[in-house]
Amino acid sequence: MNYAQIVLPLNLKGSFTYKVPDELISDIQVGMRVLVPFGGKKIYTGIVFEIHQNAPEKFVAKEVIGILDDKPIVPQEQINFWNWLSDYYLCSLGEIYRFAFPSSLKLESETYLKIKPNVHIDFQNLDVNEMYLIQALEVRQLINLTDIEAFIPKKDIIKTINSLIDLQYIEIDEKVAEKYKAKEVAYVKINDEVLKYQNITEILLTLKRAQKQKDLFLHILEKQTENPDLPIKKSELFEGGYFGNSHFKALADKNLVEEYYLQKDRIESYEGEIEQIEQLSEAQIIAKKEIDEAFEEGKNVLLHGVTSSGKTHIYLEKIEECINEGKNVLFLLPEISLTKQITQRLEKKYGRQLGFYHQKLTDFERVEVWRRIRQNDIKILIGTRNALFLPYQNLGLIIVDEEHDSAYKPREVSPYFNAKDSALVFGNFYGANVILGSATPSVESYYNARKDKMKYVFLNERFGNVKLPEYELINFKEAQDSKKVSGNFSLQLVDSIKKVLDEKNQVIVLHNRRGYANVVECESCGYVNYCSNCDVVMTYHKSTNEMKCHYCGQRASKPKTCPKCHSENLNERGVGVEQIHEEVSKLFPDNEVDRMDVDSMRKKFAYEKLYEKIEERETDIVVGTQMISKGLDFDHIELVAIPKADSLLYVQDFRAEERAYQLITQVSGRAGRVSGNGKVFIQTYNPDHSVFQLLKMNEPAKVYKYILTERQKFHYPPFTKLIMIELKHRREDKVNRASQFLGSIFRKYLPEDCVLGPEKAQIARLNNLYQFQILLKLPRGKKYEEYKKLILISLKEFDEITAYQSIKKGVFVDF
DNA sequence: TGGTGATTCGGA
DNA sequence: CCGAATCACCAT
C-alpha cells in the first residue's frame, strides 16, 4: 500500500496522509498537485510532499482522486524552502502554500445543484423561491451556489435548497473546473494552398470588381512577403477604418486568406533596442572584485553603497555574468513601484528574457509567469517578496535591493516571514549566490556582515565622485527664542529654500505624518474623537474634510461643535503633512508646491503624473511622507528639509533610531545627485541627539557602532532573538485571561527574563478586537533552538485549552 | 418550543 | 480555512 503526505491550502498544521490508488502510483511524484477530498465533500488541490508506505494507525486515509500535473510543479528546492519557513517562522505549510500559489493553480471544487433525473415535480406545493430555483434549473441544468443569490434572497437560500432536497427533487454535486484560460489573439495569413498553386495575377483579376477586397488581399500579401516571420494581427487590418471585417470575411469565404489563433502572453515584453551597460568606475570595479572573491569562497554579500554610488551598475554586471554562465537571476525589490529605473535598464538589455512578478498582477498573469519560469523561458525575474515562490529551474544569483526596507516583512499578511532573511536561505537551497544591497543596511545585516557571516562590501563614494550632501542642524529652540521662525519653519530654513528656488532648482520637504492634524480636541471639555472600532484617535484630513482612522480606515465627518459639550472651540493639535504643505505653499506663493503621501497618491496614475511633473521641473517643492524617500532620482533637487525631525525619533520602538537614520539618509540621497552641492536641513529641538550628530559626520560605520552599542546594552537584536505572540479577541476579559495563561505556560518552560508581558498592545483595540502581546527575548545560537522547542510545547499546551480556541493567535519570529 | 444567529470543532 | 454540529437566546 502506498501513501502520500499532502499539504492542503488551509491554515492547518503539517500535512495529511492519503492513500495512493495503484493506478496512480506510477505517475505520482513529490511536488505535483493532486486532487483530494477533505472535510464533508469538498475537493482541494494539495501538493505531494512525501510518498511512503506507512499506513496511518489512528484513522483511515482517504484516496487521492487524481493528479493534475505530468511533472512536479514545485521543485525540490521549494519544498525544502517551505519546510524551512514553516519551521523557522512557526507557521503552517498550508499558509505558505496558499501564499505561494496563484489561486488559479489551486483548484477547489464548487458546489452545484441539479434536478434529479426522472422526477415528477408537483409545482402546486412549491413556494415562490422553490419555484424560481426549479425553473432556473430546468433551463440551466447546473447552478452554482453563488449564482442563486441573483434570484433568491440570501437568507432564504439554505431553506429553499434544503426543502427541495427533502422533497427529492434536486441534488448537490461537486465539480472541479480549470480556472486558467490562455488569452488568444487572432492572426491572419494568405491561404498556403493559394501561394503554392495559384497565380496571383489571376486572383487579382477575379477580385477586380471588389476593389476593397483586392486592396486587402494585396495588403496582407505585401506584409507577409516583407517579413514572413512576423505574424499579422487581425485587428491591425482594421486600424484606420479603411477595411472592415466584411471584406476579410469575403476573402476568407473564397479560401484566399485564413484566420488562425495564437496564445498570447498577457504581459507585454519589451521589444525595442538592446543596449550595453556603461563602464564601471574605479570604486565600483573594486567593489565588484570583492563580491567575486566572496562568491568564490561561497559567501553571500552585503553591498553597502551610499546613495547614488551606482549599486545598480554592479548588479547589472553580476547579472550579466550569471546569465552568461547559463543560470537565472532573481531580483527582489520591496515594492513594485520602485522598478522603474532598474527595469528600464534591464529591459534594454534582456528584452523578452525578463519577467515580472508582484502583487499587482492579476491571477492569470501570475499563472503565465509561473509557466514561463517553469519552462525556463525567463532568465531574470524582477519581483516582490512573493516572487520567492516561483518554480525556478536553475537559479544562480539572488539580489535583494533596498534590503533594509520594511516592506520585506509586512505584519499584516500571513505567513509572517522576512523576505530578506528568507532569500539567504532560499539561495542556499539553490546553491545561488545572494547580494543584499542598500544605502542604509539594516542593523542586523550590518552586524552579520561585520561578524563575517556575509562579506561586507562598502562603496563609499557617489558615482562620478560627486560629493555627498551636507547636513546642517537647525536648533529650533534657539530660533524660536530669538523669534526667527515662521510657523514650523525657521527663517534660516526659509532663506535657504528661497536661494535654491531662485537658482531654479527643486526642494524636498519631509514630514512623516499623514493628515492635517493628529487630533481635534475640544478646548472646554477635552473631548477627542476616537475611532469606534479601535482605541485610536482619528486624524483630521483637511483635503477631504473628514476624520480618518489610519488603522481600520474608518471615516467620519469633522465635527463642527464638540459632540459632548457643544462648544465651538475645537482645537487642532499635532502637525500633519497636509499642514506643512499648506504652510510651504503660503511661504512660497510664487512656486509650485505638491504633496506626496498615500492619501494624495490614491488616484490612478497620481504617482506617475507627479513623477513626470517633477521630472519636467514643473514642480518646485515636493512635500511628502516617507514615500518621497523612494525612487525619486532627479537631477535638480538640491535641498532636503526636515522641519520636524524630532517626530521621527519619538516612536515607541527599539528600531526608532535605526529607522530615523535610514529615512533621513535615504531622503537626503535625493539631493545634489549631479551637482554635488546637495544640502540637508534638519530642524530639531535636540541638535545634540547622537543620531543627528552622527548623521552630520557622514560616516555610516559610526552610526552603526552607536546603534549596536545601544542594542547590546538593552538586549535587543541582533544580540538576542525576539518572538512576539499576539492574541486577539472580541472580548477583552477573555483575551486578557488567555494571555495571562499563555504567559504562565511560557514562564514554566523558559527562564523568567526571557518572557515579557503579557501586555496590552500599543493599540489596545483594533477593528473591534482587543489585543495583548507577549514578547520573548531569547539568546542566539544553540540555546535558541532549544528554547524554540520549548516554545512549541508551550503553544501546543495553550492550544489544548478548548475555551481559548476562539482566540486569534499570531506568532512573529524576528519581530 | 422551534427557529435564528453565534460559536465551536474536526478534518487524513 | 470550511462546513457541520452544537449552543444560546428570543419571540411566540
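Hydrogens, waters and symmetry mates are skipped; everything else that's a heavy atom, side chains included, is used. Please read these numbers as outputs of a predicted model, since none were measured by experiment.
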Engineer: Whole-Å distance between C/dG3 P and A/I43 CD1?
Structural biologist: 13 Å

Engineer: Determine the contact category for A/K808: base if any of its heavy atoms lies under 4.0 Å from a base atom, sugar-phosphate if only primed atoms, P, OP1 or OP2 are that close, otherwise nothing.
Structural biologist: nothing

Engineer: Check the phosphate of C/dC2 against A/K42, side-chain N and O only, distance under 4.0 Å to OP1 or OP2. Yes or no?
Structural biologist: no

Engineer: What is the distance from CD1 of A/I801 to P of B/dC9, rounded to the nearest Å?
Structural biologist: 12 Å

Engineer: Measure the shortest side-chain to side-chain distance between A/L424 and A/V400 over non-hydrogen atoms and say whether it is less than 4.5 angstrom.
Structural biologist: no

Engineer: Check the distance between B/dG11's P and A/L93's CG and give it to me in whole angstrom.
Structural biologist: 20 Å

Engineer: Measure the acute angle between the ring planes of A/Y804 and A/F798, then classify it against the limits of 30° and 60° as parallel, tilted or perpendicular.
Structural biologist: parallel

Engineer: Compute the centroid of each ring, for A/F429 and then for A/W84, and state whether the two points are separated by less than 6.0 Å.
Structural biologist: no

Engineer: Does a side-chain N or O from A/Q805 land closer than 4.0 Å to OP1 or OP2 of B/dT7, or not?
Structural biologist: no

Engineer: Quick one: is A/S806 getting a side-chain N or O under 4.0 Å of the B/dT8 phosphate, OP1 or OP2?
Structural biologist: yes

Engineer: Look at A/R730 and B/dA6 and indicate whether a side-chain polar atom (N or O) is within less than 4.0 Å of OP1 or OP2.
Structural biologist: no

Engineer: With a non-hydrogen cut-off below 4.0 angstrom, is A/F38 in contact with a base, only sugar-phosphate, or nothing?
Structural biologist: base

Engineer: Is A/Y44 touching bases, backbone alone, or none of the nucleic acid, heavy atoms closer than 4.0 Å?
Structural biologist: sugar-phosphate

Engineer: Nearest-Å distance, CG (A/D799) to C1' (B/dG10)?
Structural biologist: 14 Å

Engineer: Contact class for A/T17 vs. all strands (heavy atom < 4.0 Å): base, sugar-phosphate, or nothing?
Structural biologist: base

Engineer: Would you mind reading off the distance between A/R731 atom CZ and B/dT7 atom P, rounded to a whole angstrom?
Structural biologist: 9 Å

Engineer: So among A/L137, A/L133, A/I134, which one has a side chain to side chain contact (heavy atoms under 4.5 Å, CB included) with A/Y169?
Structural biologist: A/I134

Engineer: Students often get this wrong, so: under 4.0 angstrom with heavy atoms, is A/L8 touching a base, only sugar-phosphate, or nothing?
Structural biologist: nothing

Engineer: For the pair made of CD in A/E108 and P in C/dC2, what is the distance, rounded to whole Å?
Structural biologist: 7 Å

Engineer: Measure CG/A/L10 against P/B/dG10 and give the value in whole Å, please.
Structural biologist: 16 Å

Engineer: How long is the line joining NE2 of A/H52 and C1' of B/dA12, in whole Å?
Structural biologist: 10 Å

Engineer: Evaluate the ring planes of A/F99 and A/F389, with Trp represented by its six-membered ring, and classify them as parallel (under 30°), tilted (30 to 60°) or perpendicular (over 60°).
Structural biologist: perpendicular

